[in-house]
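Chain naming here is simple, since letters A, B, ... match the order of the sequence lines and numbering starts at 1 in each. Computed from a predicted model, the values in this text were never measured in an experiment.
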Number of protein chains: 2
Amino acid sequence: MLKLTKKADYGLMALKFLAEHPETPAFSAKDLADAYGIPAQLLAKILQRLTKTGLLRSHAGMNGGYALAREARTISAYEVIHSIDGPFFITSCTKGAKSCELTPNCTIKEPLARVNETIAGVLKSISIQDLAEHEPAAAKPAEAHKLVALTP
Amino acid sequence: MLKLTKKADYGLMALKFLAEHPETPAFSAKDLADAYGIPAQLLAKILQRLTKTGLLRSHAGMNGGYALAREARTISAYEVIHSIDGPFFITSCTKGAKSCELTPNCTIKEPLARVNETIAGVLKSISIQDLAEHEPAAAKPAEAHKLVALTP
DNA sequence: CTAAACGCGGACCTAACCAGTCGGATATTC
DNA sequence: GAATATCCGACTGGTTAGGTCCGCGTTTAG
Ligand code: SF4
Ligand code: SF4
């Protein structure tokens with residue numbers, strides 16, 4: 001539950017790798033896959049999705065491959081996840097096609113939607129560049145309460 | 001992906017309901033299930049889990065049922081989710097039993113662990129009481145960047 | 001005392017979903 | 001035109017989430 005799909009995971013890895021090598025014009029799907037041991041064909045499809053949503057630029061033919069379409073700093077983790085796995089919803093009531101049938105009576109829906117927004121905000125605040133640079137450091141979850149405006 | 005399980009969802013609903021009726025000594029699983037249209041037996045098992053982890057107190061026999069073991073204010077959404085679905089991990093590398101085999105090479109693991117911590121923090125900052133009171137209001141995702149200490 | 005109402009907990013089944021694969025088509029370079 | 005590439009839909013196998021069943025222990029009303 002609440003797990004990121006591996007596809008999104010792989011996508012982030014690939015984008016990070018590209019961000020770390022800005023001078024190289026392009027990497028093929030196989031290059032990227034081999035760099036981490038990811039199944040090549042799977043990664044290929046992920047990169048295609050990212051291309052279609054405008055995060056990557058692709059070039060077929062020899063010496064072709066993928067490159068970032070925008071600055072690493074301007075690509076957020078949220079965009080990557082959204083591109084690969086579709087819209088981001090923490091609950092099953094997506095309000096679109098097949099939401100859970102107790103949506104009308106549900107009293108918990110709105111608060112959770114708020115939480116959903118919050119998490120999305122966190123994801124949006126993280127750029128590929130952030131992933132590429134800096135080594136680990138202690139997180140600061142102490143300020144977490146500032147984020148949630150449940151009692152405005 | 002990144003979806004809350006319905007079990008956790010149901011658990012939160014039930015706890016919220018209990019928080020809204022502090023005067024009533026106990027509600028049976030069936031009462032709670034009927035109140036929302038949740039499958040009774042399923043809810044029952046969820047409540048049992050919550051009891052085992054100390055969030056609820058149960059009482060068998062006629063007029064038995066469940067009641068909050070602690071103040072609604074002191075029960076966080078994180079505890080509920082953790083009780084029902086087990087430890088909270090956004091990635092597949094749980095570092096416990098069967099993590100994904102590219103954990104050693106993975107360069108994205110630590111940053112994501114940080115994100116995981118952040119989200120957990122958000123969840124911890126939300127209490128059952130928060131869910132029970134207050135009607136919807138606009139979230140404030142503008143301050144989201146304050147939370148993520150990727151560049152300390 | 002006994003039966004109804006309740007919690008407890010494992011086994012089980014099913015549909016959905018995710019990870020990964022295959023096959024073929026198209027585009028680009030050499 | 002051969003070698004590399006991206007592109008794209010269809011397919012399969014494994015895992016998990018959601019839900020059910022059934023039998024057991026406990027409490028209390030009558
Ligand atoms: S409606 Fe309520 S129960 Fe159904 S998914 Fe949304 S939050 Fe969960
Ligand atoms: S190790 Fe890297 S790839 Fe494997 S799950 Fe953790 S983050 Fe995702």
Side-chain angles (χ1 to χ4, degrees), chain A residues 1-11 13-14 25-34 36-53 56-67 69 81 84-86 89-94 97-102, chain B residues 1-11 13-14 25-34 36-53 55-67 69 81 84-86 89 91-94 97-102:
Chain A
M1 61 74 169
L2 220 27
K3 245 191 221 119
L4 216 53
T5 57
K6 275 198 174 173
K7 294 185 188 180
D9 214 347
Y10 293 163
M13 288 172 73
F27 285 96
S28 78
K30 189 167 186 311
D31 288 341
L32 295 168
D34 287 351
Y36 293 105
I38 303 172
Q41 307 208 65
L42 180 55
L43 213 221
K45 227 176 0 193
I46 295 170
L47 296 173
Q48 288 164 26
R49 294 278 277 279
L50 292 174
T51 303
K52 221 166 52 170
T53 54
L56 289 179
R57 205 145 346 135
S58 67
H59 186 49
M62 286 185 64
N63 299 328
Y66 298 90
I81 295 172
I84 296 174
D85 287 333
F89 282 118
I90 224 178
T91 54
S92 305
C93 44
T94 59
K98 48 166 182 180
S99 63
C100 97
E101 66 277 357
L102 30 106
Chain B
M1 61 70 169
L2 222 25
K3 244 190 222 121
L4 216 53
T5 56
K6 275 197 173 174
K7 294 186 187 178
D9 213 349
Y10 294 162
M13 289 172 73
F27 286 96
S28 78
K30 189 167 185 314
D31 289 340
L32 296 168
D34 287 350
Y36 294 105
I38 302 173
Q41 306 209 64
L42 180 53
L43 213 222
K45 230 178 354 196
I46 295 170
L47 295 173
Q48 287 165 26
R49 293 277 276 283
L50 292 173
T51 303
K52 224 169 46 173
T53 55
L55 295 182
L56 289 179
R57 205 146 346 142
S58 66
H59 185 49
M62 287 185 66
N63 300 330
Y66 298 91
I81 296 173
I84 296 174
D85 287 335
F89 282 117
T91 54
S92 306
C93 44
T94 59
K98 49 166 180 176
S99 64
C100 98
E101 66 277 358
L102 29 106

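Near-neighbour residues of DNA chain C inside residues 27-34 of chain A, defined by a heavy atom below 4.0 Å, are absent. Within a heavy-atom distance below 4.0 Å of DNA chain C, the residues of residues 3-11 of chain A found are A/Thr5, A/Lys6, A/Lys7, A/Tyr10.
You'll find that the side chain of B/Leu42 is closest to D/dT20, out of C/dC8, D/dC8, D/dT20.
Of all heavy-atom pairs spanning B/Pro25 and B/Ala67, the tightest one is O-CB, 3.3 Å. Across all non-hydrogen atoms, the minimal contact from B/Gly64 to B/Ala26 is O-CB, 4.0 Å. Considering every non-hydrogen atom in both B/Arg57 and B/Ala69, the closest pair reads NH2-O, 2.8 Å. Shown here for B/Cys100 and A/Lys6, the closest heavy-atom pair between the two residues is CB-NZ, 3.3 Å.
Rounded to an integer number of Å, the gap from CD1 of B/Ile81 to C1' of D/dA17 is 16 Å. Rounding to whole angstrom units, CG of residue A/Leu47 and P of D/dC8 are separated by 13 Å. Note: CG (A/Asp85) to P (C/dA16) measures 19 Å, nearest angstrom. A straight line from CD1 of A/Ile84 to P of C/dG20 spans 13 Å, rounded to a whole angstrom. One interatomic measurement links the two molecules: CD of B/Gln41 to P of D/dG19, which rounds to 12 Å at whole-angstrom precision. Rounded to whole angstrom, the span from the CG atom of B/Leu2 across to the P atom of C/dC18 amounts to 12 Å. Rounded to whole Å, atom C1' of C/dC18 lies 12 Å from atom CZ of A/Arg49. Distance B/Ile38 CD1 to D/dT20 P: 12 Å, rounded to the nearest Å.
With sequence neighbours left out, the side chain to side chain donor-acceptor pair (under 3.5 Å) criterion links B/Thr91 to no other residue. Every residue two or more places apart in sequence or in another chain was checked for a ring-ring contact (aromatic ring centres under 6.0 Å, His included) with A/Tyr10, and none qualifies. Legend: residues meeting side chain to side chain contact (heavy atoms under 4.5 Å, CB included) with A/Met62, ordered by chain and number and at least two apart, are absent. In this structure, B/Ser58 has no side chain to side chain donor-acceptor pair (under 3.5 Å) partners at least two apart in sequence or on a different chain. B/Lys30 pairs by the salt bridge (Lys or Arg N to Asp or Glu O under 4.0 Å) definition with B/Asp34, not counting sequence neighbours. Listed by chain and number, the residues in a side chain to side chain donor-acceptor pair (under 3.5 Å) with B/Asn63 amount to none (sequence neighbours excluded).
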Donor-acceptor pairs are to be reported for all side-chain atoms of residues 41-53 of chain A against protein atoms at under 3.5 Å, with residues two or more places apart or in another chain.
| unit_1 | atom_1 | unit_2 | atom_2 | d |
| --- | --- | --- | --- | --- |
| A/Arg49 | NH2 | A/Ile84 | O | 2.8 |
| A/Thr51 | OG1 | A/Leu47 | O | 2.7 |
| A/Thr53 | OG1 | A/Arg49 | O | 3.1 |
| A/Thr53 | OG1 | A/Leu50 | O | 3.2 |
| A/Thr53 | OG1 | A/Ser83 | OG | 3.0 |

Check nucleotides 24-30 of chain C against the protein and report each pair of N or O atoms closer than 3.5 Å, with its distance, or say if there are none.
| unit_1 | atom_1 | unit_2 | atom_2 | d |
| --- | --- | --- | --- | --- |
| C/dT29 | OP1 | A/His59 | NE2 | 3.1 |

Restricting to nitrogen or oxygen on both sides, can you table the protein-nucleotides 10-14 of chain D pairs closer than 3.5 Å?
| unit_1 | atom_1 | unit_2 | atom_2 | d |
| --- | --- | --- | --- | --- |
| D/dA10 | N6 | A/Lys45 | NZ | 2.8 |

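Put simply, the side chain of A/Ile90 does not reach to within 4.5 Å of the side chain of B/Leu2, judged on heavy atoms.
Here the CG-CE distance, from A/Asp9 to B/Met1, works out to 12.5 Å after rounding to the nearest 0.5 Å. To the nearest 0.5 Å, atom CD1 of residue B/Ile38 and atom CG of residue B/Leu32 are 8.0 Å apart.
At least one donor-acceptor pair closer than 3.5 Å links the side chain of A/Asp31 to the backbone N or O of A/Ser28.
Close to D/dT6, at under 4.0 Å from its OP1 or OP2, lies no side-chain N or O of A/Thr51.
Place A/Ala40 and B/Tyr66 on DNA chain C by their nearest nucleotides, and B/Tyr66 ends up nearer the 5' end.
Where the helix from C/dC1-D/dG30 to C/dC30-D/dG1 starts and where it ends, the local axes point in directions that differ by 10°; five pairs per end, rounded to 10°.
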